[in-house]
Each structure stands twice: as structure tokens, then as C-alpha cells.
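When a ligand or atom number is given, it counts from 1 through the structure's own listing order.
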Amino acid sequence: MVASPKHFLDISRAAAEELHRILQAAHEMKAARSGRPQGFIEPDRPLENRILAMIFEKPSTRTRVSFDVAMRQMGGQSMLLSGNDLQLGRGETVADTARVLSRFVDAIMIRTFEQSKLTELAEFATVPVINGLTDATHPCQVMADVMTLQEKKGDLSNLTVAWSGDSNNVTNSWMHAAGCFGFDLRIASPEPLQPASEILDWCKQNNANVTVTEDPQAAVAGADCVVADVWLSIHEEGQGTKHNLLKPYQVNSALMAVAKPDAVFMHCLPAHRGEEVTADVIDGPQSVVFDEAENRLHVQKAILAWCLSGIL
Ligand code: CP
């Protein structure tokens, strides 16, 4: 009997001990590369002869480059497939796309719109599928964020993370992470933009310590980490009416001042300075946004190794 592929679809769909192993491997991989040029291929070439197909139905800088470099550093290769260039963009089914790509490549990473497209791809693929962002979640990003939090703060269990702004796909993955890693998460969003009841139910069922408020000061008070994201997600460009609702949720020096003095500021990037965060915060000493961006590479190498090589 052929074993089922090891997909990485969401933080909520992996066992906590597996997620801890992935993070441990990511820290070790990062340490092992210290001082090496980016093009240095790891001597044991854990993904030699492996090919990753990367499907992008939305724009990307970090996800696209970090997955490509991850494959190269591990001795493998990747291919970039734009949604518009695939027959998928002209009506070929997700199921047929999954079956065909599985005959050519060893894993598929997809950035798409509906979560159902991701899960359908995983259902019909016979190779691992990795979620590179959907409208619902962004698990690779939040795994990199959790890795960064571990680097800066150590043990996560006594930490408080505060989110200020729209509740979006990244917030949803932070909620999953709170359930799996045991930190407290406070979300400040205007009432119409608060998390959906389904994910709040998931939090209750999984003992995730997540609180939701309309008051950004209350959410950030005493927090160890403050997180912001763009006010308009990729699929929402042009819907500027959210801006007025979100103005009170801007992370600026006054809001950072109510967090712990050694609190870090996180943002998954790209950022809009002067909207969700002021330049003095994102470019200031508490910001760790470029460590977060770099850690996409290390954590995704560990995810690829977990999915593909059997070394994790
Ligand atoms: N944070 C993130 O996913 O960046 P990209 O959209 O550039 O991939």
C-alpha cells in the first residue's frame, strides 16, 4: 500500500510535537548555515533530485524566493507556475491538475484564493502539498513568526502576543499557533473585522487562549510582541473603505509604549508605512520584521524536509 503524502496545509492540521520538531530543525538549519553564502548547497543534499512545483495565483516576493532558495540550498530544484499560465486558469479542474503534477514533481506549493482549492489539491495529489497562503490562512508565515519569537524570547508559554488591525488569514494562523504553542493571543479589531465564529470555536475546542477586543490599547497592554498587517489583503486591493475603520488600530509609538519595554514588533511584509504601522516603529529598534522574513527560508526548509525527505 502506498503511504499518504505528508501535506503541510495548516498549523491546526499538524500535531504539536511535529510542529516543534519542524521548528527545532529550522533553528539547527539556520545555525548550520551561519557565515555561508546563500548559494552554498548543504553537503548532504537532503532534497537532491527532488523538484518542487510552486503555483502562484497571487503575487509574492518572500514566499516565492524563499521556497526557491530553500530547494536550491537542499540540493533540489523548483519551478514557478503562474496560475494564469496553467490550464487551471482556463478551467482545468484542480483534481486533474493535482493528478498530472504528481506525475512530474515531488511536491507542490500553492498560493491561491479559496481554502477549498488547497484542500482539493491535497486530496487528489499523490505528492505533498504545502499551503503558501490562502484567503483563510498563512501557516508558513506564522511558523516563521513563531521561530522568530523563540529566537527573541525563548520559551513561548508565558508570552502574550497582541494583534492590532484587520483579522485576516495571518491572524487565523496566529490563532492556530496560540492553540498549538501555548502563548496568549489578544486580537484588537473593529467589530466588523473580527475573526469568524468558526475559528473562534476552534480556539475554544483546542484550549487556545485567544481574546478578542475592539480596544487596541487593552490588547497591547503588557504584551511581549505586537503584530500588524496590511489593511487590505492581496485579494482586496481597491476596497479602501476599510481604512477609516482601521485607523485607530495603527501600531505607532504611542501604542508600542503600552506594551512591555522589551516587546518586539512583527509584520509579515509587505508593509504600508503610515497606514497599519508608522515608520518609526517598523524601522525602529523593537522591529524584527527582517528576521521574520529571513526565517521564512529556514522554517520552509524544515517543512520541505518534513514533507519530503523522511529526515524529520
Ligand atoms: N509575507 C509574505 O507572504 O510575503 P509575500 O506575499 O511577498 O510572499
Any Leu133 heavy atom less than 4.0 Å to ligand 1
no

Which segment of His138 sits under 4.0 Å of ligand 1 when only heavy atoms are counted:
side chain

Does Asp262 come within less than 4.0 Å of Lys153, counting only side-chain N to carboxylate O?
yes

Glu57 side chain to Thr112 side chain, donor-acceptor N/O pair below 3.5 angstrom
yes

Can Arg296 be said to touch ligand 1, with heavy atoms closer than 4.0 Å?
yes

Closer than 4.0 Å to some heavy atom of Thr61 - which atoms of ligand 1 meet that?
5 (P), 7 (O), 8 (O)

Does Lys58 have a non-hydrogen atom less than 4.0 Å from ligand 1?
no

Basic-acidic side-chain contact under 4.0 Å: Asp68, Arg72:
yes

Considering both backbone and side-chain atoms of Leu269, is one of its nitrogen or oxygen atoms within less than 3.5 Å of a nitrogen or oxygen in ligand 1?
yes

What I want to check is whether the side chains of Ser12 and Asn206 have a donor and an acceptor closer together than 3.5 Å.
no

Nitrogen or oxygen atoms of Thr63 and ligand 1 under 3.5 Å apart:
yes

Can you confirm whether Val100 sits close enough to Gln87 that some side-chain heavy atom of one is under 4.5 Å from a side-chain heavy atom of the other?
no

Considering only NZ, NE, NH1 and NH2 on the basic side and carboxylate oxygens on the acidic side, decide whether Asp135 and Lys117 come within less than 4.0 Å.
no

